[in-house]
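To start, the structure under review is shown below, and the notes come after it.
What's counted below: heavy atoms across the whole structure, side chains too, no hydrogens, waters or symmetry copies. In each ligand, atom 1 is the first atom listed, and ligand 1 is the first ligand listed.
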Amino acid sequence: METADFIVIGGGIAGASVAYELSREGKVVLLEMESSPGYHSTGRSAAVMSENYGPSLWSRLVTASRAFLESPPDHFTEVPLVMPRGALFLAHEHERKQLHRQADELLRRGAAIEMTTAEQALKFCPVIRAEEFATAMYEPDCKDIDSNALVTSYLKALRKNGGTFLTDARVEALERSGSTWRASTPRGEFEAPVIVNAAGGWVQEIAKLAGLSYRNVVPFRRTAVVFDPPEGSVIQTWPMTFDVSETFYFKPEAGRIMVSPIDMAPSPPCDAQADELEVAIAVDRIHRFTTMNVRTVVHKWGGLRTFAPDHEPVIGRDPEQPSFVWLAGQGGNGVMGGAAAARLAASFALNTNIPEDIAALGITTENVSPGRRCVVDPNHAAPVVGTMEEFE
Ligand SMILES: Cc1cc2nc3c(=O)[nH]c(=O)nc-3n(C[C@H](O)[C@H](O)[C@H](O)COP(=O)(O)OP(=O)(O)OC[C@H]3O[C@@H](n4cnc5c(N)ncnc54)[C@H](O)[C@@H]3O)c2cc1C
């Protein structure tokens, strides 16, 4: 039996980052069921950081994460965690207002942007079919994240702070007696007064093991496809390119192009696979909105993104059991917003105030709470699927 101050469940970006934050204050055990960290969602992401991506509160957590990713603490990492990428958002005529609202919000938060016509946007990405769109916004500060280096650095710092990270340690049972939780795994039993549930698509299963009520935080599958770019093109400087109505995005990825049809299909927690129909849709979107031709799909994969009905973070103490802290509902922002989300979750686990910079962005205990109505109300069992705009 090993005892600690905190047990964190899940070795993706959420678990690794909050375990690191907590290890600065006490003894942490981080438990991961797979044989390597980041095997599920974290290792399957597009790994970009854009302050214009995701619902309102998540995009603020991205703003609050930027400084950590761009200038991590001394000795945290030997390689840069982010690299320049840029993001281009393309809008049809009827989406002009929506794009301008997004631009205003970004400017308010101090982000740099450039508004252009679709035609002028060809200078950023020469393969878009400009005639399909009316207007565009370029966000120069969008970055590629080295998510592998990020997770590895968090784990290295966790160990340096005296914490333990165990793989092949699936939490199979959780019991609470007195003021102590006991987690049983094939690697042994662990006790601590506080649990942090950072199990991604499995957060609901962990709550069930803890004997807590159902919370609406459920996984959805997304498909990604990789193909070769047009021969002779220099793709390295192309931005991550989205359409505002969220029907596709594509970006350069290790000398090739990654595209997603932005699918969102409810899924049980599992080793997600690419959906064949979505692969075909992704290829079709490339043919329709760009001048590129997908001859062969070189690689494809599926990954889970976990959402509350309002798509906002589920971070905080469980309303039934305050010693059970949620760090969940990351959707498509978990890597880019993970640094601030971890500091926020750590403040709940430590029972301290929300970090000042995060509170200043309008994040409150209530608006991210696992006790908020849409998360606890079983009538909201099917999370809403919609566009970024609907959630703002
Ligand atoms: C195609 C795609 C593109 C994306 N693009 C981006 C992007 O560009 N930028 C961005 O920020 N985000 C992106 N995301 C979202 C991002 O990947 C997720 O938000 C993030 O990885 C969630 O991290 P996590 O740690 O919560 O989940 P995970 O990485 O899934 O980690 C949860 C871990 O918990 C473990 N676990 C589960 N049950 C147990 C148990 N009983 N005991 C022990 N361990 C357990 C699992 O094995 C898993 O490793 C994308 C996602 C997809 C699928």
**OP:** Using heavy-atom distances, let me know which of Gly11, Gly200, Gly331, Ser45 sits nearest atom 18 (C) of ligand 1.
**Re:** Gly331

Subject >> Nearest-0.5 Å distance that lies between atom NE2 in His40 and atom SG in Cys270 >> reply: 8.5 Å

Original post:
Quick one: does ligand 1 sit under 4.0 Å from the side chain of Ile145, the backbone, both or neither, non-hydrogen atoms only?
Top reply: neither

Original post:
Yes or no on salt bridge (charged side-chain N to carboxylate O under 4.0 Å, His left out) for Arg109 and Glu105, after CA distance, side-chain angles and deciding distance?
Top reply: CA-CA 6 Å; Arg109 275 192 258 138; Glu105 167 63 15; 2.8 Å; yes

**OP:** Could you tell me whether the side chain of Lys27 reaches within less than 4.5 Å of the side chain of Phe6, counting heavy atoms only?
**Re:** no

**OP:** Please test Asp377 against Arg215 for salt bridge (charged side-chain N to carboxylate O under 4.0 Å, His left out), starting from the C-alpha separation and ending with a verdict.
**Re:** CA-CA 8 Å; Asp377 182 353; Arg215 303 277 178 258; over 6 Å; no

Original post:
Quick one: does Gly332 get an N or O within less than 3.5 Å of an N or O on ligand 1?
Top reply: yes

Original post:
What part of Met33, side chain, backbone, both or neither, has a heavy atom within less than 4.0 angstrom of ligand 1?
Top reply: both

**OP:** Take the angle between the ring planes of Tyr20 and Tyr154 and call it parallel below 30°, perpendicular above 60°, tilted in between.
**Re:** tilted

Subject >> Per-atom contacts of ligand 1 with Ala198, taking only distances under 4.0 Å to non-hydrogen atoms >> reply: 32 (C)

Original post:
What atoms in ligand 1 come closer than 4.0 Å to a heavy atom of Gly303?
Top reply: 53 (C)

Original post:
Using a heavy-atom cut-off of under 4.0 Å, does the side chain or the backbone of Ile13 touch ligand 1, or both, or neither?
Top reply: both

**OP:** Among all protein heavy atoms, pick the one closest to atom 31 (O) of ligand 1 and tell me residue, atom and distance.
**Re:** Gly12 CA, 3.5 Å

Subject >> ligand 1 N/O within reach of Met240 N/O, cut-off under 3.5 Å >> reply: no

**OP:** Could you list the atoms of ligand 1 found under 4.0 angstrom from a heavy atom of Ala46?
**Re:** 3 (C), 4 (C), 5 (N), 6 (C), 8 (O)

Subject >> Parallel, tilted or perpendicular: ring planes of His94 versus His92, cut at 30 and 60 degrees >> reply: parallel

Original post:
Among Val171, Thr185, Thr42, Val18, which residue places a heavy atom closest to atom 40 (C) of ligand 1?
Top reply: Val171

Original post:
Can a non-hydrogen atom of Ala47 be found less than 4.0 Å from any atom of ligand 1?
Top reply: yes

**OP:** Walk me through it: do Glu51 and Thr63 pass the test side chain to side chain donor-acceptor pair (under 3.5 Å)?
**Re:** CA-CA 6 Å; Glu51 289 176 67; Thr63 298; 2.7 Å; yes

Original post:
Taking it one step at a time, do Arg60 and Ser56 satisfy side chain to side chain donor-acceptor pair (under 3.5 Å)?
Top reply: CA-CA 6 Å; Arg60 293 178 218 184; Ser56 176; 2.7 Å; yes

**OP:** Tell me which part of Asn333 gets within contact of ligand 1: side chain, backbone, both or neither, using heavy atoms under 4.0 Å.
**Re:** backbone

Subject >> Side chain to side chain, Arg222 and Phe220, heavy atoms closer than 4.5 Å >> reply: no

Subject >> Those atoms of ligand 1 less than 4.0 Å from some heavy atom in Leu31 >> reply: 43 (C), 44 (N)

Subject >> Residue portion contacting ligand 1 (non-hydrogen atoms closer than 4.0 Å) for Trp58 >> reply: neither

Subject >> Interfacing atoms of ligand 1 (cut-off 4.0 Å, heavy-atom, Val48) >> reply: 7 (C), 8 (O), 9 (N)

Subject >> Under 4.0 Å to a heavy atom of Arg222 - the qualifying atoms of ligand 1, by number >> reply: 1 (C)

Original post:
Does an N or O from Ser41, backbone or side chain, lie closer than 3.5 Å to an N or O of ligand 1?
Top reply: yes

**OP:** Just go through Gln330, Lys251, Glu32 and tell me whose heavy atom is the nearest to atom 33 (C) of ligand 1.
**Re:** Glu32

Original post:
In terms of the angle between their ring planes, are Phe89 and Phe242 parallel, tilted or perpendicular, with boundaries placed at 30° and 60°?
Top reply: parallel

Subject >> Distance from atom 2 (C) of ligand 1 to nearest protein heavy atom, with residue and atom >> reply: Arg44 O, 3.5 Å

Original post:
With a cut-off of 4.0 Å, which atoms of ligand 1 are near a heavy atom of Ile206?
Top reply: 40 (C), 41 (N)

Subject >> Side-chain heavy-atom pair Pro261, Phe248 within 4.5 angstrom cut-off >> reply: no

Original post:
Can you check whether Ala14 has an N/O within less than 3.5 Å of an N/O in ligand 1?
Top reply: yes

Original post:
With a 4.0 Å cut-off on heavy atoms, is Ala169 touching ligand 1?
Top reply: yes

Original post:
Which atoms of ligand 1 are found less than 4.0 Å from any heavy atom of Met336?
Top reply: 9 (N), 10 (C), 11 (O)

Original post:
Taking distance alone, with no angle check, do Gly38 and ligand 1 share an N/O pair under 3.5 Å?
Top reply: no

Original post:
Taking atom NE2 of His100 and atom CE of Met137, what is their separation to the nearest 0.5 Å?
Top reply: 10.0 Å

Original post:
Hey, do the aromatic rings of Phe289 and Phe133 have their centres closer than 6.0 Å?
Top reply: yes

**OP:** Mind telling me whether Phe124 and Tyr138 have parallel, tilted or perpendicular rings, with 30° and 60° as the class edges?
**Re:** parallel

Original post:
Can you tell me which residue and heavy atom of the protein come closest to atom 34 (O) of ligand 1, and the distance to 0.1 Å?
Top reply: Gly10 CA, 3.2 Å

Subject >> contact_flag Tyr249 ligand 1 heavy-atom lt 4.0 Å >> reply: yes

Subject >> Electrostatic pair Glu95-Lys97, nearest N-O below 4.0 angstrom >> reply: no

